[in-house]
Structures are given as C-alpha cells and as structure tokens.
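A quick write-up on the structure given underneath.
Lettering of chains follows the sequences in order, A, B, ..., and the numbering in each one begins at 1.
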Amino acid sequence: MPEGHTLHRLARQLDERFAGRPVAVSSPQGRFEAGAALVDGRRLDEVSAYGKHLLASFGDYVVHVHLGLYGQVSEGHAPAPAPWGALRMRWTNEDWWSDLRGATACEVVTHDEAAAIVARLGPDPLARRPDGARAWRRISRSRAPIGVLLMDQSVIAGVGNVYRAEVLFRQRRSPFDEGRTLSEEEWQLLWADIVGLMRDGVRRGWIVTTRAEDRRRGRVRGEDAHYVYRRAGLACRICGTPVAASVMAARNLFWCPTCQRP
DNA sequence: GCAAAATGTCAAG
DNA sequence: TTGACCTTTTGCA
C-alpha cells in the first residue's frame, strides 16, 4: 500500500512490462474515459516515480497517478480478467495487464505540468542520489514537530504514516521535538535510516522496520513488521511501556513515551 | 448487511 | 483544524 516505496516499485514494474511499445489504455469505470482516449494505443516512453507520484510519459502526454490512501494496482499476465469493481484505468499489451482503482489522482497532464508537480516536492529518499541536505535546510530551521515535518511532502517526498512512526521509534526520537532541536548528526542518522528502510521496502514490496538484532534477542517475533505503528496500548517491544497514540498532521501517530522522550 | 478503518491530500472556514 | 473524496477489506451484528 502506498508510501513512496510502493510507487517506486510500481514504476519500475510498469516500465519493464509496458515501456517501449504501444499500450491499450481504457477506463471501464468511466471516470478516466477522456484521459484514456488521449493516450490509448500510443507508445509508452517511460514510467517514473517521485515521492508518492507516478508519471508515465506517452509522447506529449503524461499520465499522472497518485494513489492517495486507498489507491491500488493489481496486475498479471495477459489475458486480462473481466473488469470488476470500480476500475479507473486498465493498461494492456500482448503480455501484461495492470488495473488501477481508488486513486486520488489519475489524469493526463503536459510535461510542464508534470515538472511542476515534481518541483513542489522535497527530496525523495528513493532517488538515485538522495539529497538529505536539502531536507535538512528546512528541518533545521523549523519550529514544527519532526512528526509533522516527516509527513510534509515538500520537506521529504515519499515518507508516509508507517515510516514516520517507525523511523522515529528506531531513532528514539520524540515526534513532538521541533525540527530545529535535532543536531546535524542526528538528522544524518535519521535520514540514512529513512533511505535504508525505504529501499528495503521497494525490494520487498512491503514495509518491515524491525531490526534483525531485536529478532535475535527475541524482542520481536519473525513476522512482526513494526515497533509502534498500529500498536496503541500494546507493550513496547523494547521497554514494555504501553504504546501511545494520538493524531498529528491529520494522521494517527504512534510512539513509545519511554523510548521516545521529548 | 452495514459501519469503520486504511500506508493521503486538498480546500474551506 | 475539519470535512470531503477515492474504494476495498475487515469486523461485528
């Protein structure tokens, strides 16, 4: 499900399967009918991801997709199954099919508009050469809580609610600490952890944030993927304190009040 | 059978 | 800060 790792993985897969030849594009649900007609049958140049945005270029047109909270892609070998549910966009070629549902954004834009979307975003931890220094310039000057800054896509592009909660726990950092209270060294550790976790997320296709070391010590079981995310009221895996929850930046926030003291 | 929740964002007030 | 929106899945009757 959709944080930055999902989009990068998806972009890579769509690019491998569809780029370089014509794609049949349709919108069985009808909501993307006009857009689909613009690109249907055109050759797909490439698919790329920036933060949580997906951009697929068909000549002068770019299909821009943002999965939002519930957007989902299903895919497989041709032939495509009969459409079901609210199928916003379907791609097919001789070998593959790919279905998009529930996206917040699925639209045809120009290359200029696509560039403007990317320009609004902060550095992407999943970029080939991640630019943590650019995010640091914002964070080191900000009085906003680090739990808010991590979710701000103009500060860092691609981090979502799971990575926010988990990376702050891993760094023993309170979500309520102001950005400017972090030292540069603490920031570098935090950023490196984000980059590492998200790359791992792309590889696996899902988010695992628990450390191998904690597995060995029996603090987490093999299948436990998270330290605090969605564990409100349960014992912290490290210290046993009940995991706290509240809302920050309009999303549920989870943290351990003992391990992550302000 | 229906309500609630879900890894997100934007606009209105 | 709140509500609206997109859709599917899960949990409780």
Side-chain angles (χ1 to χ4, degrees), chain A residues 1-11 27-33 35-36 49-55 63-75 81 83-90 98-107 109 113-114 116-122 124-126 144-145 147-170 175-176 193-195 197-210 224-234 243 245-255:
Chain A
M1 318 282 144
E3 296 194 27
H5 70 296
T6 304
L7 278 297
H8 280 263
R9 185 182 174 89
L10 182 59
S27 180
Q29 172 204 49
R31 283 192 51 173
F32 183 59
E33 211 159 25
Y50 298 89
K52 298 171 189 168
H53 297 258
L54 185 89
L55 298 171
V63 174
H64 168 227
V65 171
H66 193 296
L67 294 178
L69 196 48
Y70 342 102
Q72 213 179 326
V73 170
S74 40
E75 36 74 31
W84 76 90
L87 177 48
R88 185 83 58 84
M89 177 171 75
R90 166 170 281 183
S98 181
D99 286 355
L100 173 70
R101 305 181 149 72
T104 290
C106 176
E107 55 179 357
V109 299
E113 288 166 333
I117 290 166
V118 174
R120 294 198 315 258
L121 301 172
D124 185 341
L126 291 172
V148 168
L149 292 166
L150 290 183
M151 294 285 277
D152 183 338
Q153 300 298 296
S154 72
V155 175
I156 301 175
V159 169
N161 207 24
V162 179
Y163 285 123
R164 163 174 77 169
E166 294 292 300
V167 83
L168 288 174
F169 179 85
R170 285 165 57 98
F176 301 93
D193 207 18
I194 291 170
V195 171
L197 284 176
M198 291 186 71
R199 283 181 175 165
D200 181 71
V202 174
R203 243 173 275 130
R204 295 175 190 265
W206 67 91
I207 302 175
V208 173
T209 57
T210 48
D224 288 337
H226 309 312
Y227 286 108
V228 291
Y229 178 71
R230 293 244 274 156
R231 297 194 68 245
L234 300 176
V243 172
S246 72
V247 172
M248 179 186 279
R251 312 305 314 285
N252 292 320
L253 171 71
F254 306 90
W255 78 100

Partner residues of [X] under the ring pair (Phe, Tyr, Trp, His ring centres under 6.0 Å) criterion, sequence neighbours left out:
X        : value
A/Tyr229 : A/His226, A/Phe254
A/Tyr50  : none
A/His53  : A/His64, A/His66

Rounded to the nearest angstrom, tell me the gap between atom [atom1] in [X] and atom [atom2] in [N].
X        : N     : atom1 : atom2 : value
A/Arg230 : B/dA4 : CZ    : C1'   : 11 Å
A/Asn161 : B/dT7 : CG    : C1'   : 7 Å
A/His64  : B/dG8 : NE2   : P     : 15 Å
A/Glu166 : B/dT7 : CD    : P     : 12 Å
A/Phe254 : B/dA5 : CZ    : C1'   : 11 Å
A/Leu54  : B/dG8 : CG    : C1'   : 15 Å
A/Leu67  : C/dC5 : CG    : P     : 20 Å

Query raised in the report: With rounding to whole Å, what would you report as the distance between B/dC10 and C/dT8 at their P atoms?
Result: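 Pairwise P distance, B/dC10 against C/dT8, rounds to 23 Å.
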Query - Nearest-Å distance once atom P is located in both C/dC5 and B/dG13 - result: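 Going atom to atom, P in each nucleotide, I get 14 Å.
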Listed partners of [X] passing side chain to side chain donor-acceptor pair (under 3.5 Å), at least two apart:
X        : answer
A/Glu113 : A/Thr110
A/Arg230 : none
A/Asp193 : A/Arg170, A/Gln171
A/Arg101 : none

**Report entry** Below 4.0 Å: OP1/OP2 of B/dA6 and any side-chain N or O of A/Asn252
**Finding:**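 Yes, A/Asn252 has a side-chain N/O under 4.0 Å of OP1/OP2 on B/dA6.
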Query raised in the report: Would you say A/Tyr229 reaches B/dT7's phosphate, i.e. side-chain N/O to OP1/OP2 under 4.0 Å?
Result: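 The answer is yes; a side-chain N or O of A/Tyr229 sits under 4.0 Å from OP1 or OP2.
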For nucleotides 9-13 of chain B, give me every protein contact, N/O to N/O, under 3.5 Å, one pair per line with atom names.
unit_1 : atom_1 : unit_2  : atom_2 : d
B/dT9  : OP1    : A/His66 : NE2    : 3.2
B/dT9  : OP2    : A/Lys52 : NZ     : 3.1

Report task. List the steps and the verdict of side chain to side chain contact (heavy atoms under 4.5 Å, CB included) for A/Met89 and A/Arg31. Result -> CA-CA 9 Å; A/Met89 177 171 75; A/Arg31 283 192 51 173; over 6 Å; no
Using a cut-off of under 3.5 Å, enumerate the N/O to N/O pairs linking the protein to nucleotides 7-11 of chain C.
unit_1 : atom_1 : unit_2   : atom_2 : d
C/dT7  : OP1    : A/Gln29  : NE2    : 2.2
C/dT8  : OP1    : A/Ala86  : N      : 3.4
C/dT8  : OP1    : A/Arg101 : NE     : 3.1

Query raised in the report: Where do A/Trp255 and A/Val228 land on the side chain to side chain contact (heavy atoms under 4.5 Å, CB included) test, with the steps shown first?
Result: CA-CA 6 Å; A/Trp255 78 100; A/Val228 291; 5.5 Å; no
